[in-house]
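Structure record follows, encoded as structure tokens.
Residue numbers start from 1 in every chain, and the chains themselves are labelled A, B, ... in the order their sequence lines are given, proteins ahead of strands. Hydrogens, waters and symmetry mates play no part in the numbers below; they use all other heavy atoms, side chains included.
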Amino acid sequence: MAQPSGRVVIHVDFDYFFAQIEEREQPEYKGKSVVVCVYSGRTEDSGAVSTANYVARRFGVRSGMPIVWAKRILKEEDAVFLPVNLVKYREISDEIMDLLRTYGDSFEQVSIDEAFLEVTKRVGGDYGAAEKLAGEIKDAILRRTGLTCSVGVGPNKLIAKIAANQVKPDGLTVVPSETVNEFLRLLPVGRLYGVGRKTEKIMVEKGLKTIGDLADHPVDDLVHTFGKTLGLYFHEAANGIDESEVQERGPPKSLSRIATLKKDTREPEALLPVLIELCEALIRRIEVEGLAYRTVSLVTISEDMAMRSKSLTLEDATTDKDVLLRTVKSLLGDYLRESTLNLRRIGVRVSSLSPLAGQRRLSSYMG
DNA sequence: CACGTGCGGGC
DNA sequence: CCCTGTCGCACGTG
């Protein structure tokens with residue numbers, strides 16, 4: 001009873017994207033563990049793993065893992081550790097996204113390495129034609145960039161995304177509407193978009209281990225446990241229902257920059273230079289986006305890893321750098337009066353963003 | 001509405 | 001074992 005609408009949606013997920021790019025550029029990395037890292041700069045190897053190739057993953061290296069753990073795991077191996085080069089990855093991502101966009105009735109970039117394509121019209125609702133098209137997309141990306149990706153085809157975004165994750169790297173998984181329920185039923189609830197570690201734990205404690213369990217569970221109880229929005233969403237998702245459209249994303253709703261401090265401190269003299277840099281970076285971004293901000297937030301992560309935020313909404317939207325810095329300083333004062341802990345990381349966020357009038361820029365979001 | 005927190009996705 | 005960076009959404013509270 002999944003989709004009366006007869007849609008066909010494709011999800012494209014670039015395989016171990018950052019590490020694959022590095023591999024492609026250095027053929028001598030082939031067969032070795034390649035680990036792309038975000039170095040925080042507080043000690044030699046402080047920081048976290050961003051992406052690892054499949055060789056490293058076989059040893060247990062994972063995204064988000066501390067770099068020192070990964071080094072320990074791979075110390076007997078001839079492994080390569082590299083810093084992230086986001087400018088390079090973004091350039092390659094943009095190139096692939098521009099290519100992908102031409103294959104859909106509509107297109108939605110989800111992140112630097114993921115996108116949805118609505119192809120219903122393009123394939124006339126036919127899953128055989130969709131599978132062929134998905135293959136052509138994979139070929140085109142490979143020819144153009146030398147990179148592989150994993151692709152999922154399904155009757156909606158939810159199913160297409162789960163399908164793309166089913167076989168990777170270099171996978172192609174097609175789930176026609178008639179097979180949605182059998183496809184979902186045996187999968188663990190954690191495979192559902194929106195179910196992470198915390199939510200999965202709650203579900204498993206309720207005896208909901210598979211998506212089938214969730215689909216059969218009374219929706220009232222899900223609403224009671226997870227709230228109206230999420231409860232209804234989980235119920236529908238578990239039954240393979242998702243009517244959300246594939247559509248170009250608009251301008252960002254918030255922008256933030258966060259940094260790790262060289263050492264834990266609560267001294268304004270030590271924090272200020274960092275805040276200035278973060279504000280400057282944000283203002284540059286606001287300018288290229290053609291946006292103005294009205295809400296300013298200071299984000300703090302203290303030595304105990306607790307995250308907090310302080311924010312203030314201005315009377316009028318602005319692009320002014322000094323206003324931003326003054327506001328951030330004032331919020332820092334508020335925070336320091338309330339807490340005695342040293343800070344480990346600090347960040348600045350702007351939100352309530354509005355487009356500046358008379359901007360050509362708007363056109364770049366209209367698809 | 002403004003403010004603050006929690007969570008997820010997944011590099 | 002130690003801990004990156006960025007964004008969106010939901011929701012509780014005042």
Side-chain angles (χ1 to χ4, degrees), chain A residues 11 13-22 35-43 45-53 57 60-73 75 83-86 89-90 93 109-114 161-162 164-165 168 190-202 226-234 244 249-261 264 278 281-282 285 294-315 331 334-335 338 344-353:
Chain A
H11 181 78
D13 191 332
F14 310 162
D15 298 323
Y16 63 104
F17 189 46
F18 301 169
Q20 200 191 349
I21 289 173
E22 301 294 348
V35 185
V36 178
C37 304
V38 181
Y39 288 95
S40 66
R42 52 173 29 210
T43 66
D45 281 335
S46 63
V49 172
S50 177
T51 325
N53 68 354
R57 290 183 198 197
V61 176
R62 294 287 178 268
S63 291
M65 176 184 272
I67 296 166
V68 286
W69 291 21
K71 290 213 166 173
R72 205 167 304 161
I73 294 175
K75 68 169 177 291
V84 285
N85 184 347
L86 276 176
Y89 309 149
R90 203 171 307 279
S93 169
Q109 178 173 348
V110 181
S111 67
I112 194 167
D113 70 337
E114 271 180 69
K161 181 167 167 65
I162 298 175
N165 275 295
K168 59 200 302 194
R191 289 287 301 278
L192 224 45
Y193 183 84
V195 180
R197 276 228 338 268
K198 307 239 177 176
T199 308
E200 177 166 29
K201 186 167 182 289
I202 297 172
F226 299 107
K228 192 171 176 184
T229 309
L230 263 184
L232 288 177
Y233 164 73
F234 286 145
S244 62
R249 300 268 167 123
K253 297 191 164 59
S254 73
L255 295 170
S256 61
R257 285 290 180 276
I258 190 163
T260 300
L261 302 165
D264 297 354
L278 296 172
L282 274 179
R285 180 74 194 280
R294 201 160 82 84
T295 302
V296 178
S297 307
L298 176 78
V299 180
T300 56
I301 292 101
S302 42
E303 51 195 340
D304 61 352
M305 283 292 162
M307 182 181 312
R308 292 193 54 193
S309 69
K310 289 262 161 221
S311 61
L312 181 74
T313 301
L314 307 170
E315 200 59 35
L331 292 170
D334 294 348
Y335 173 83
E338 285 176 25
R344 179 188 175 88
R345 305 171 65 200
I346 195 160
V348 179
R349 177 173 62 230
V350 290
S351 52
S352 312
L353 302 177

Set of residues satisfying side chain to side chain donor-acceptor pair (under 3.5 Å) with respect to A:Asp13, sequence neighbours excluded
none
Reading 5' to 3' and counting Watson-Crick or G-U wobble pairs with both distances under 3.5 Å, write the dot-bracket notation for DNA chain B, | for bases paired outside the strand.
||||||||...
If you find the nucleotide of DNA chain C closest to A:Arg285 and the one closest to A:Ser63, which residue's nucleotide is nearer the 5' end?
A:Ser63
Using a heavy-atom cut-off of under 4.0 Å over every strand shown, decide if A:Leu192 touches base, sugar-phosphate, or nothing.
sugar-phosphate
Could I get the full list of side chain to side chain donor-acceptor pair (under 3.5 Å) partners for A:Arg308, not counting sequence neighbours?
A:Glu338
Quote, to the nearest angstrom, the C1' distance that separates C:dT4 from B:dG8.
16 Å
Side-chain N or O of A:Ser254 versus OP1/OP2 of C:dC7: is the shortest distance under 4.0 Å?
no
Test of understanding: with side chain to side chain contact (heavy atoms under 4.5 Å, CB included), list the residues that count as partners of A:Arg72, not counting sequence neighbours.
A:Val68, A:Lys75
Pick base, sugar-phosphate or nothing for A:Gly64, based on heavy-atom distances below 4.0 Å to the nucleic acid.
base
Would you mind reading off the distance between A:Tyr89 atom OH and C:dT4 atom C1', rounded to a whole angstrom?
14 Å
Under 4.0 Å, counting only non-hydrogen atoms across every strand here, what does A:Thr199 touch: a base, just sugar-phosphate, or nothing?
sugar-phosphate
Report the residues that fulfil salt bridge (charged side-chain N to carboxylate O under 4.0 Å, His left out) with A:Arg285, sequence neighbours left out, ordered by chain and then residue number.
A:Glu289
Salt-bridge present (A:Asp264, A:Arg42; N to O < 4.0 Å):
yes
Side chain to side chain contact (heavy atoms under 4.5 Å, CB included) partners for A:Ser63, two or more places apart:
none
Non-neighbouring partners of A:Glu22 that pass salt bridge (charged side-chain N to carboxylate O under 4.0 Å, His left out), sequence neighbours left out
A:Lys88
Centroid distance below 5.5 Å plus an interplanar angle below 30 degrees: do A:Tyr39 and C:dT4 meet both conditions?
no
If the sugar-phosphate is the primed atoms plus P, OP1 and OP2 and the base is the rest, what is the B/S/- string for nucleotides 9-14 of chain C, using protein heavy atoms under 4.0 Å?
SSS---
Close N/O contacts between protein and nucleotides 4-6 of chain B (under 3.5 Å):
| from | atom 1 | to | atom 2 | distance (Å) |
| --- | --- | --- | --- | --- |
| B:dG4 | OP2 | A:Ser311 | N | 2.5 |
| B:dG4 | OP2 | A:Ser311 | O | 3.4 |
| B:dG4 | OP2 | A:Ser311 | OG | 3.1 |
| B:dT5 | OP1 | A:Arg308 | NE | 3.2 |
| B:dT5 | OP2 | A:Ser309 | N | 2.9 |
| B:dT5 | OP2 | A:Ser309 | O | 3.4 |

Could I get the full list of side chain to side chain donor-acceptor pair (under 3.5 Å) partners for A:Lys253, not counting sequence neighbours?
none
Name the nucleic acid region contacted by A:Arg345, choosing base, sugar-phosphate or nothing; use a 4.0 angstrom heavy-atom cut-off, strictly under.
base
Side-chain donor-acceptor contacts of residues 345-353 of chain A below 3.5 Å, not counting sequence neighbours, with atom names and distances?
| from | atom 1 | to | atom 2 | distance (Å) |
| --- | --- | --- | --- | --- |
| A:Arg345 | NE | A:Thr260 | OG1 | 3.4 |
| A:Ser352 | OG | A:Thr295 | OG1 | 2.6 |

For A:Lys198, the side chain to side chain donor-acceptor pair (under 3.5 Å) test, sequence neighbours excluded, returns none
Classify A:Leu255 by what it touches in the nucleic acid, base, sugar-phosphate, or nothing, heavy-atom distance under 4.0 Å.
sugar-phosphate
Neighbour count >12 (heavy atoms, 6.0 Å) for atom CZ, A:Phe226
yes
